[in-house]
A.B. asks: 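Handing you a structure now.
Chain naming here is simple, since letters A, B, ... match the order of the sequence lines and numbering starts at 1 in each. Everything numeric here is computed off the predicted structure, so don't read it as measured data.
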2 protein chains.
Amino acid sequence: MTASRTARERVRAELTREIADIARRQLATEGAGGLSLRAVAREMGMVSSAIYRYFPSRDDLLTTLIIDGYNALGEAVEQADAACASGDYPGRWLAVCHGVREWALAHPHEYALLYGSPVPGYQAPQDTVAARLRDVTVLGLIVSQAHAAGAVTPPALAPAPPAPLREDAERVRGLMPGVPDDVVFRCLTAWTALYGWVSFELFGQFANTIEDRHTAFDHAMRLMGQTIGLR
Amino acid sequence: MTASRTARERVRAELTREIADIARRQLATEGAGGLSLRAVAREMGMVSSAIYRYFPSRDDLLTTLIIDGYNALGEAVEQADAACASGDYPGRWLAVCHGVREWALAHPHEYALLYGSPVPGYQAPQDTVAARLRDVTVLGLIVSQAHAAGAVTPPALAPAPPAPLREDAERVRGLMPGVPDDVVFRCLTAWTALYGWVSFELFGQFANTIEDRHTAFDHAMRLMGQTIGLR
DNA sequence: AGAAAACGAGAGCACTGCTCTTGACGAATG
DNA sequence: CATTCGTCAAGAGCAGTGCTCTCGTTTTCT
């Protein structure tokens, strides 16, 4: 059904995929803003206007790249998690962190597209939200399972979230069922530390300062694992 | 001396400032990539080529905006810190965090220019590094003073940084004299959580999830203050 | 007063995203 | 088999971009 119908549809699907691939390559060399439909067309031996048969605008092509990116990152994270012993919650958290970082280092411009400043004039459509949650879903699962197994111990003195945050906590709990409010917010904070670190490293904020970046990242994420309370 | 020499130099300084101001306004409405020298020239009633008498390239104009941005953020942070009792280290940390967040919310596109994905094809020159350290210098000072006053208590179970990180810690210690290695890395992690949170909030990652953002941010940064060990 | 430097204006180059029209091809229908 | 209809690549064109070069004019320095 979806695999092949008419010859026309097959070649159309193939060309669409090829356009996205070339665009991804250009993204890797030129960066997000340097993505040019005309350059993609040139590389395909097409005339620029023909591209618009496949992607009605530059933003639609961007949307495709973004969704693919979220899925690629999500899959990398899922694999990193799956490679761990399911009861080793701190290890799984650490593996997920390294999974994010390594994917980002391997695909810096795609990462920038997902977690950097929004492309000017581009408004992410609703299609992207499902894919966007894929990586954080893994994190939620780990914490949820750890909590169910009694393997989440709040650090001493951890402040309790104030009452107005109950609704927000409830929403986040959709990704980590059963987890109490204060753990939810410790996860959220760890999550921002993870992506904040990776962004800093990728966007040059660590230049001339942090050199042994793998080790430093590993240490920082262990620290955040403890802050979550995983054991 | 620097205030005024010839009439020509005065009007040149004035025009240079006006170009940067208009560019900043355009940045605020169009975003980083939408900054157009021709549009700036139009708004000034000049012809586009005349702009190049003042800024040899678009990148040079960007550099000016970036340096101004780092200084504006740094000044906001310094003021936020100065408004606190000097012995209230957790309060000063929290004030700095809110200072960063509020400046970012007030100048989202400038923040994106500083901490978002790098502008494609743009390479930040060395001039920017001095200004870039202004905000983090404040943070270093707080922690350094807190440590000197014996007001930094490591959380129980905090892991010690592995040996290879000694050099990196030494470099960071330039901003927080006297602070031991493990506190240095807890600061670094808190720093990434701070900017990671602000970036997530600004770049839309919290959409439909975190609604009471001020309260959530406050709670998260209190948590990170505890992780640093401030008291 | 004369030389030198700085300046604004204008034309022009190579590039961008995007639109519209034209003519050719393929596939389903009569 | 022949026709019709939707799909397609191509080309020209529009409005915009960063940037360069030249050409008179004006201001400053010697």
A.B. asks: Have B:D60 and B:T63 got a donor and an acceptor in their side chains that come within less than 3.5 Å?
C.D. replies: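 Short answer, no.
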A.B. asks: At 4.0 Å (heavy atoms only), tell me whether B:L35 reaches a base, stays on the sugar-phosphate, or touches nothing.
C.D. replies: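 B:L35: backbone/sugar contact only, no base atoms under 4.0 Å.
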A.B. asks: Between A:H219 (side chain) and A:T215 (backbone), is there a donor-acceptor pair under 3.5 Å?
C.D. replies: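 Not confirmed, A:H219 side chain does not pair with A:T215 backbone.
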A.B. asks: What is the distance from CD1 of A:I51 to P of C:dT19, rounded to the nearest Å?
C.D. replies: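 A:I51 atom CD1 is separated from C:dT19 atom P by 14 Å.
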A.B. asks: Counting distance only, does the side-chain N/O of B:R134 pair as donor-acceptor with the main-chain N or O of B:G74 below 3.5 Å?
C.D. replies: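 No, the answer is negative, given that no donor and acceptor are paired below the 3.5 Å cut-off.
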A.B. asks: Would a line drawn from the ring center of A:F203 to the ring center of B:Y115 be shorter than 6.0 Å?
C.D. replies: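 Centroid distance A:F203-B:Y115: not below 6.0 Å, so no.
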A.B. asks: Can you list the residues that meet the side chain to side chain contact (heavy atoms under 4.5 Å, CB included) rule with A:E167, with sequence neighbours excluded?
C.D. replies: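 Testing A:E167 for side chain to side chain contact (heavy atoms under 4.5 Å, CB included), a comparison that skips the adjacent residues, returns A:R171.
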A.B. asks: Going by the side chain to side chain contact (heavy atoms under 4.5 Å, CB included) test, name the single residue among A:D68, A:L35, A:L61 that passes it with A:R24.
C.D. replies: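 Result for side chain to side chain contact (heavy atoms under 4.5 Å, CB included) with A:R24: A:D68.
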A.B. asks: Take atom CG of A:D60 and atom P of C:dG17, then tell me their distance rounded to the nearest Å.
C.D. replies: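 Rounded to whole Å, this separation is 14 Å.
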A.B. asks: Which is the 5'-most and which the 3'-most nucleotide of DNA chain D that has an atom under 4.0 Å from a heavy atom of chain A?
C.D. replies: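 Taking any atom under 4.0 Å from a heavy atom of chain A, the span is D:dG6 to D:dG13.
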A.B. asks: Any side-chain to backbone donor/acceptor pair from B:D181 onto B:R166? Under 3.5 Å, distance only.
C.D. replies: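 A pair under 3.5 Å: no.
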A.B. asks: Determine the contact category for B:F55: base if any of its heavy atoms lies under 4.0 Å from a base atom, sugar-phosphate if only primed atoms, P, OP1 or OP2 are that close, otherwise nothing.
C.D. replies: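 Counting heavy atoms under 4.0 Å across all strands, no contact is made by B:F55.
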A.B. asks: Collect all protein-nucleotide pairs involving nucleotides 20-22 of chain C in which both atoms are nitrogen or oxygen and the distance is under 3.5 Å.
C.D. replies:
none

A.B. asks: Got a sec? Which of residues 37-46 of chain B come in under 4.0 Å of DNA chain D, heavy atoms?
C.D. replies: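 Per residue number, the list reads B:L37, B:R38, B:R42.
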A.B. asks: May I ask you to decide if B:A131's main-chain N or O and B:N71's side chain share a donor-acceptor pair within less than 3.5 Å?
C.D. replies: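 Between the backbone of B:A131 and the side chain of B:N71 there is no qualifying donor-acceptor contact (under 3.5 Å).
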A.B. asks: Kindly state which residues belonging to residues 12-22 of chain B come within less than 4.0 angstrom of DNA chain C, counting heavy atoms of the residue only, listed by number.
C.D. replies: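 DNA chain C contact set from residues 12-22 of chain B: B:R12, B:L15.
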A.B. asks: Under 4.0 Å, counting only non-hydrogen atoms across every strand here, what does B:S57 touch: a base, just sugar-phosphate, or nothing?
C.D. replies: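 Sugar-phosphate contact only - B:S57 comes under 4.0 Å of backbone atoms but never of a base.
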A.B. asks: Using atom CG of A:L61 as one end and atom P of C:dT16 as the other, report the distance to the nearest whole Å.
C.D. replies: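 Distance check: A:L61 CG to C:dT16 P gives 14 Å.
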A.B. asks: Just jot down the side chain to side chain contact (heavy atoms under 4.5 Å, CB included) partners of B:A28, sequence neighbours excluded, or say none.
C.D. replies: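 Testing B:A28 for side chain to side chain contact (heavy atoms under 4.5 Å, CB included), a comparison that skips the adjacent residues, returns none.
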A.B. asks: Give a yes or no on whether the backbone of B:I67 and the side-chain of B:T128 come within a donor-acceptor separation of less than 3.5 Å.
C.D. replies: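 No; zero donor-acceptor contacts below 3.5 Å.
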A.B. asks: Starting at the 5' end of DNA chain D, which residue's closest nucleotide do you reach first, A:A50 or B:Y52?
C.D. replies: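 That would be A:A50.
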A.B. asks: What is the distance from CD of A:Q26 to C1' of C:dG17, rounded to the nearest Å?
C.D. replies: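 Distance check: A:Q26 CD to C:dG17 C1' gives 14 Å.
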A.B. asks: May I ask you to check whether A:Y111 and A:S199 show a side-chain donor-acceptor distance below 3.5 Å?
C.D. replies: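 On atom types as modelled, these side chains qualify, holding a pair under 3.5 Å.
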A.B. asks: Measure from the side-chain N and O atoms of A:T227 to the backbone N and O of A:G225, and report whether any donor-acceptor pair falls under 3.5 Å.
C.D. replies: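 Judged by distance alone, no pair lies under 3.5 Å.
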A.B. asks: Have a look at B:Y54 and tell me which of B:M46, B:R17, B:E18 forms a side chain to side chain contact (heavy atoms under 4.5 Å, CB included) with it.
C.D. replies: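 With B:Y54 as partner, B:M46, B:R17, B:E18 yield a single side chain to side chain contact (heavy atoms under 4.5 Å, CB included), made by B:M46.
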